[in-house]
Amino acid sequence: MKCVFLVLAAGKGERMKAKTHKVLHKVCGRPMIDYILETVSAVSEEKPIVIISHEKQQVMDHLGDRVIYVEQDPKDGWGTAMPVKASRKQIEEHGECLVFTTFGDTPFLTPESLNMLKNAVLDGADAALLSCVVDDPFKLGRILRDENGNVSRIVEEKDCTEEQKKIKEINCGYFCFRASALLGVIDLIQPNNAKGEYYLTDTIELLNKQGKIVKAIISSDPTEGQGINDKADLAKANEIMRQRINHKLMVDGVEMIDPKTTYIEPTVKIEAGVTIYPGSVLEGNTVIKSGAVLRGNCRITDSQIGENTTVESSVLIEASVGCGTTIGPNAYLRPGTVVGDNCRVGDFVEIKNSTIGRGTKISHLTYVGDATLGERINLGCGVVFVNYDGKNKQRVSVGDDSFIGCNVNLVAPLNIGKRVYIAAGSTVTKDIEDGALCIARERETVKPGWVWERIEKGLLK
C-alpha cells in the first residue's frame, strides 16, 4: 500500500525570533526539515507533501522540487488538523493509502518508528500513533487508553483534569492513518479547546466513536517527539543530535577522547581507527581515513584527510591531505589546497589554491598561494609566494628536490626548476633553470668603528 507523508511546516515560528523560517534553522549544520525528509524517504518513494504558509518562499527555495507543496490559508484557522484539511485533494489522488503526519521541526524521528506505525495499521488498526513514557509530561498531550489497551483519546495539557495530568504516556505527534478513516473524520473536528484550535489529535476520539481501532506504539527514545520552538530548544536539539552522531561513530570504531566537546556534522564520514581529541569541529562533506589523528581544536570543513595523517590545532577548508602527512599546529589550509603523502606542513603555515608534492616540507611562518610544488622540496621559515600584483593572481611552480632558504620571496609568475637552491633572504623575480643556485640579495658591508665615530660627532647617543 502506498505511503503518503504530510510534513507540517506552516507555522509562524514566532518564538524563534528570527527572520529565518523555523524549519530551516540548522541542527548540527543541517536544516532541521532535511532530517525528517531523509527519514520519510527511507519508508516511502512517494514525494512528501510539505504544507507551507508563512515565509513559504524560504522553504521552497531550500527544498526545490524534492517535495510537493500545499499552501495552508491562515484564514481557515490554526491547529494541526488544518494542514491535513488543506491536503485533502493530494491525499484523495492516491486512493486508499496510508497517510502519515509528521513535522518539519522534529529532526529525531527514525524510520524504524515509522515502520512500526505502518505495520500496526497494516495489521488491522485504522490509525496508529507514536507515544513515549516520560517522567515529566508537563505541557504534553496525554494518551488515554481503553480496557483493551487501545487509544481512546488524546488530551492536551491545557484540557487535562488533575487526574489526567498524572498520566506519563504522552503523544509524540506522529500518526499513521488509513486514508479513508482519516478523511472520514477530519471535517468533524471543531476548535472546542482552551486554545481554540483544530487539533489533529481529536481524530482519535472521533475514530473510536465510529468503532475504529487506534493503536499506540511506544517509542523507547523520548527525544523522537521533541520539537523545536525557540533557541533554547535549538541548542538542546544540537546537543541531542551531536550525542547521536558521536555515539554511532564510536560504536563503529572511532575513538573520541571527549565526545562532549567534539562537534561532527551528519554528512561527515569517518573510518574506524581514527582518533579525535577534544575541541574538534568537523563539518560538511569531510572524509577522515583510518589511522588519522586529529589533535585538539581542529576545524575541518569539506576536506579529505588520508590514512595515518596527523592534524593538530589547524583549520582546513575544502582541502585534501594525503597519507602519512603532518599538519600544524596552527596551520591554515584554504580552498584548493592539495597536500601529498608524507609531507610536513608546520606551524603558522598558510596554503591556498596550491598543490604540494609527496615528501615536501613547509616550515613555519610560510605562505604558499597559487603554487605548484614538486616532490621532496624543503621550504625554510618565512618563505612567501608573492602571488598578487595588485590586479591579478599569478602562479609559481617549483621543481622536485629544490631547497628554498628562509625569508625568500618568490614573485609570481615564476618557474623554478628541479634541484634548485635559493639562498636565504633572496627576492626572486626571474625563472631559474635546473640545478642552479640563486642568490638575490645585496652583499653585506661592515664598517668597523662606525658607531663610536657617530657618538664622538654627537650624531648618536
Under 4.0 Å between a Lys/Arg side-chain N and an Asp/Glu carboxylate O for Glu156 and Lys158?
-> no

No-hydrogen, no-angle side-chain donor-acceptor test under 3.5 Å, Asp370 and Asn353 = yes

Identify the residue among Thr301, Leu333, Thr286 that makes a side chain to side chain contact (heavy atoms under 4.5 Å, CB included) with Leu316.
-> Leu333

In this structure, are over 12 heavy atoms from other groups packed under 6.0 Å from Lys165 atom NZ?
-> yes

Are Asp187 and Arg88 ion-paired here, with the side-chain N under 4.0 Å from a carboxylate O?
-> yes

What are the two closest heavy atoms between Ala120 and Ile217, and how far apart are they?
-> CB-CD1, 4.1 Å

Pick out which of Thr102, Thr80, Val121, Ile154 makes a side chain to side chain contact (heavy atoms under 4.5 Å, CB included) with Phe175.
-> Ile154

Is the backbone of Val27 close enough, under 3.5 Å, to the side chain of Tyr35 for a donor and an acceptor to pair up by distance?
-> yes

Donor-acceptor pair, side chain of Ser44 and main chain of Cys3, under 3.5 angstrom | yes

For Gln190, does the CD atom sit with more than 12 other heavy atoms under 6.0 Å from it, leaving out its own atoms?
-> yes

For Asn208, side chain to side chain donor-acceptor pair (under 3.5 Å) partners two or more places apart = none

Report, as yes or no, whether the 6.0 Å neighbourhood of atom NZ on Lys85 holds more than 12 heavy atoms from other residues, nucleotides or ligands.
-> yes

Salt bridge or not for Glu55 and Lys22, using N-O below 4.0 Å?
-> no

Any chance the side chains of Asp34 and His62 put a donor and an acceptor closer than 3.5 Å?
-> yes

Hey, is Arg30 close enough to Glu265 for a salt bridge, meaning N to O under 4.0 Å?
-> no

Over all heavy atoms of both residues, which pair between Ser354 and Arg395 is shortest? Give the atoms and the distance, please.
-> CA-NH2, 4.3 Å

Salt bridge check: are Lys139 and Glu157 linked by an N-O gap of less than 4.0 Å?
-> no

Distance col, row Thr325:OG1 vs Ile305:CD1, nearest 0.5 angstrom, shows 9.5 Å

Is Glu45 salt-bridged to Lys2, cutoff N-O under 4.0 Å?
-> no

